[in-house]
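For reference, the structure discussed in these notes is given below.
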There are 4 protein chains.
Amino acid sequence: MSLREKKTAKKKEEILQSAVSILSEKGYHGTTMEEIAAKLLMTKGSVYYYFNDKQNLLFESQIMILNRSIQNMESINSQNVSVIKKLRKAIIAHIEYAIRERSGFVMMFNPEQIFSPSQLEQIFQLRDEYGKGFDQLIEEGIEADVFRSMDVKIVRNIILGAINWVTQWYSDDGKKDETEMAELIADYVMQILIKDF
Amino acid sequence: MSLREKKTAKKKEEILQSAVSILSEKGYHGTTMEEIAAKLLMTKGSVYYYFNDKQNLLFESQIMILNRSIQNMESINSQNVSVIKKLRKAIIAHIEYAIRERSGFVMMFNPEQIFSPSQLEQIFQLRDEYGKGFDQLIEEGIEADVFRSMDVKIVRNIILGAINWVTQWYSDDGKKDETEMAELIADYVMQILIKDF
Amino acid sequence: MSLREKKTAKKKEEILQSAVSILSEKGYHGTTMEEIAAKLLMTKGSVYYYFNDKQNLLFESQIMILNRSIQNMESINSQNVSVIKKLRKAIIAHIEYAIRERSGFVMMFNPEQIFSPSQLEQIFQLRDEYGKGFDQLIEEGIEADVFRSMDVKIVRNIILGAINWVTQWYSDDGKKDETEMAELIADYVMQILIKDF
Amino acid sequence: MSLREKKTAKKKEEILQSAVSILSEKGYHGTTMEEIAAKLLMTKGSVYYYFNDKQNLLFESQIMILNRSIQNMESINSQNVSVIKKLRKAIIAHIEYAIRERSGFVMMFNPEQIFSPSQLEQIFQLRDEYGKGFDQLIEEGIEADVFRSMDVKIVRNIILGAINWVTQWYSDDGKKDETEMAELIADYVMQILIKDF
DNA sequence: CATGAATGAGCCTTCATTCAT
DNA sequence: AATGAATGAAGGCTCATTCAT
């Protein structure tokens, strides 16, 4: 990658980041190109140099988030600790990311309304890839007999729902800070899985 | 209430219902008055005869949903069965309602961006009232020693998150029908609460 | 005229009166049928029973005002006093009417934009008739050698302009009441006409 | 000011000018952004690029007219000629401007209905400033003993009314051209002031 | 690369007008 | 006679998008 290409790539990421933060607050229709640009002290015109249109910008920002989440999941999954600890870490990481960026899965509630079929396919594929990271951990736990036997897909979705929702009710004015809260939630959620003995 | 007043009230509810269904799909900015009207074979103008403006219409539709949920919660709470059964019923009712109407708490993700302070106050008050319905059941369970001791508010939000999220992944093409799925989810979620013995 | 016809005529006048007062404040486009009706505790529908459309309503209210002014002028003109006194009375009456009703000629600044050619013809004819009342007085004064010789049409318009404008700057918070002010203005304006000797 | 800024300023003035001419014909509610734009072969959207909204555009056009009138008044007032000549010039200039631009004070009959308190304050302040230009001339004349002693404010308003009204009855189909007519009117109006001897 | 300017489609909202009852 | 309801046309305003410089 040449220097110019690197610069371009960096700028693109900045824009995506700006887009993500505004999109997650205001939703697709509530977000204007003006705002995205203004947050970076750019003009609308410049943003259009890097992205063909708003829809494309939103799409790539979704992809970015999902890829980051997947990478994160992979790095956790490859760690050499117990399943329980790995799953706990994954949940906590998800919550912290969701709160910090106000985004994650929550960002796009009804992608069908916005994206083209081929874009949707990519998004669902990545969502699924991320989801499967959880599935694997759950299955690993079941095999290791530390988790109950259960319908993995359903439980995975229950967990994701519980932790995506955090952005809606957590406010940092409370006594508990982000990490503390994330740990607490993780423990509660994992009650669904863990076998008592 | 005279016949005419009844008719008006009915029409208003129809419009609110139409608004709810589109709103939950497309969000505030994605919902147009045109669509809300078209779904009822009316014209925009007619809708404006019943509601002053879009914001007001969508506010009232929020209120309607919340009131319905609260009523539902109350009727469940007054039943003469065990706490566990009551909570299970409440969860199932919530899921079924959410799936059928694609709404529930999920409907409005960032009401702060849309409603006026006095409107927000009403919404939050009702949300809280509904949430307290769950809290009561949980506390009752703890006292009856069938639920673990826990931070009620947090667990309530975890449960609500898990069951609101259902609208995002449940598709009725599967083998399980709504009720079956709702029961299954309820059972999983209640693992967080129930004491083993 | 039958009783019914009388009732209808009375209602029509009430509506015209309401229309005049709102029209003079807000102008043609700024006045809504709703407002005109509301001021009389009627509904829009009822107003349409008496007048075909807004334009027609406005037209008839113009005619009403002009006819009243003309009648007033005639009654003054037929009095058996000096020209100077008659003109003075006419000016004072005009001012008082303009202030009280905030209307008069001022009401409709650009009738060409609103009325149909045949309506315009009628309005201009009545305006002219009213104007000629002033002209006659002026001419009478010239012949009687108490007024200077002058271009009657121009001077008449100057006078009308001066006294129509009163509605724009007179506010009754001052020390002078309506009549006092009207007399004062009349005296100043008549300086244009009266021969010194 | 850079070239671009100059261009922008010029465009803004063009738009204001267009607004003034339509506004004076049709009044606030009768004037549409479409028309204002169309007169300049622009689109509505472009106009909104330069002015935030209709109200703001029309406010600024008011300000523009008032400032021009004030400047004009100042330049006349600073001339080294007799009071009578200066006042005569001021009146003639006002009439010519009013006829040419169909505006002047006449433009906005009930600004209270349209502008915000702070905007109104500015407008009234400028109106007053312009009016005081006349007052000064009148007072100067009284002191120089060429004008009668009189209530300056009232007479000033009489004069303004007389000359604002010209737009309503003057039509250039007649034999007299603008300037000729303006001079004639000025002479008549000044009869109110000038002492005979 | 960046940006100021322009555009047009779309949406919210108002309001004169109509009509069945 | 009166009115509640419905309608559609029009107007204000926003915003994604384009383009010349």
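A, B, ... follow the sequence lines: proteins, then strands. Residue 1 opens every chain. Below, all heavy atoms of this structure are taken into account, side chains as well, without hydrogens, waters or symmetry copies.
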- Ignoring backbone atoms, establish whether C/Arg4 has a side-chain N or O less than 4.0 Å from OP1 or OP2 of F/dA1. yes
- From the options B/Asp53, B/Ile63, B/Leu23, select the one residue that forms a side-chain contact (heavy atoms from CB on, under 4.5 Å) with B/Leu58. B/Leu23
- For A/Lys12 and E/dC1, give me the distance from atom NZ to atom P, rounded to whole Å. 12 Å
- Query: In terms of heavy-atom contacts, does CD of D/Glu121 have more than 12 from other residues, nucleotides or ligands at under 6.0 Å?
  - Reply: no
- Rounded to the nearest 0.5 Å, what's the gap from CG on C/Leu16 to CD on C/Gln62? Could you check? 11.0 Å
- Message: I need the CD-C1' distance between D/Glu14 and E/dA5, as an integer number of Å.
- Response: 14 Å
- Item | Over-ring placement of B/Lys54 relative to B/Tyr28, 6.0 Å and 45° cut-offs | yes
- dist C/Ile65:CD1 -> C/Arg127:CZ (nearest 0.5 Å) comes out at 10.5 Å
- Task: Select base, sugar-phosphate, or nothing to describe what C/Tyr50 touches, counting heavy atoms under 4.0 Å on all strands.
- Result: sugar-phosphate
- What is the distance, rounded to the nearest whole Å, between atom CG of B/Asn56 and atom P of E/dC12? 14 Å
- Rounded distance in Å - CG (A/Leu40) to C1' (E/dT3): 16 Å
- Task: Measure the distance from CG on B/Leu3 to P on F/dT3 and round it to the nearest whole Å.
- Result: 19 Å
- Taking CE from A/Met42 and C1' from E/dG4, how many angstroms apart are they, rounded to a whole number? 15 Å
- Query: What is the pairing partner of E/dG8, taking Watson-Crick or G-U wobble pairs with both distances under 3.5 Å in any strand?
  - Reply: F/dC15
- Message: Regarding A/Thr8, tell me which of base, sugar-phosphate or nothing describes its non-hydrogen contacts under 4.0 Å with the strands shown.
- Response: sugar-phosphate
- Query: What integer distance in Å separates B/Lys6:NZ from F/dG4:C1'?
  - Reply: 18 Å
- Rounded to the nearest Å, what distance is computed from the NZ atom of residue D/Lys7 to the C1' atom of nucleotide E/dT3? 14 Å
- When you check every protein heavy atom under 4.0 Å of nucleotides 10-16 of chain F, what one-letter string (B, S, -) results, 5' to 3'? -SBBBSB
- Query: Is there a donor-acceptor pair closer than 3.5 Å between any side-chain N or O of D/Ser18 and the backbone N or O of D/Ile36?
  - Reply: yes
- Message: Could you tell me the Watson-Crick or G-U partner of F/dA20, where both distances fall under 3.5 Å? Say none if there is no partner.
- Response: E/dT3
- Item | Side-chain donor-acceptor contact under 3.5 Å, A/Ser46 with A/Lys11 | no
- Query: Just to confirm, is there a sub-4.0 Å distance from OP1 or OP2 of E/dA6 to any side-chain nitrogen or oxygen of D/Ser46?
  - Reply: no
- Item | Below 4.0 Å: OP1/OP2 of E/dA5 and any side-chain N or O of D/Tyr49 | yes
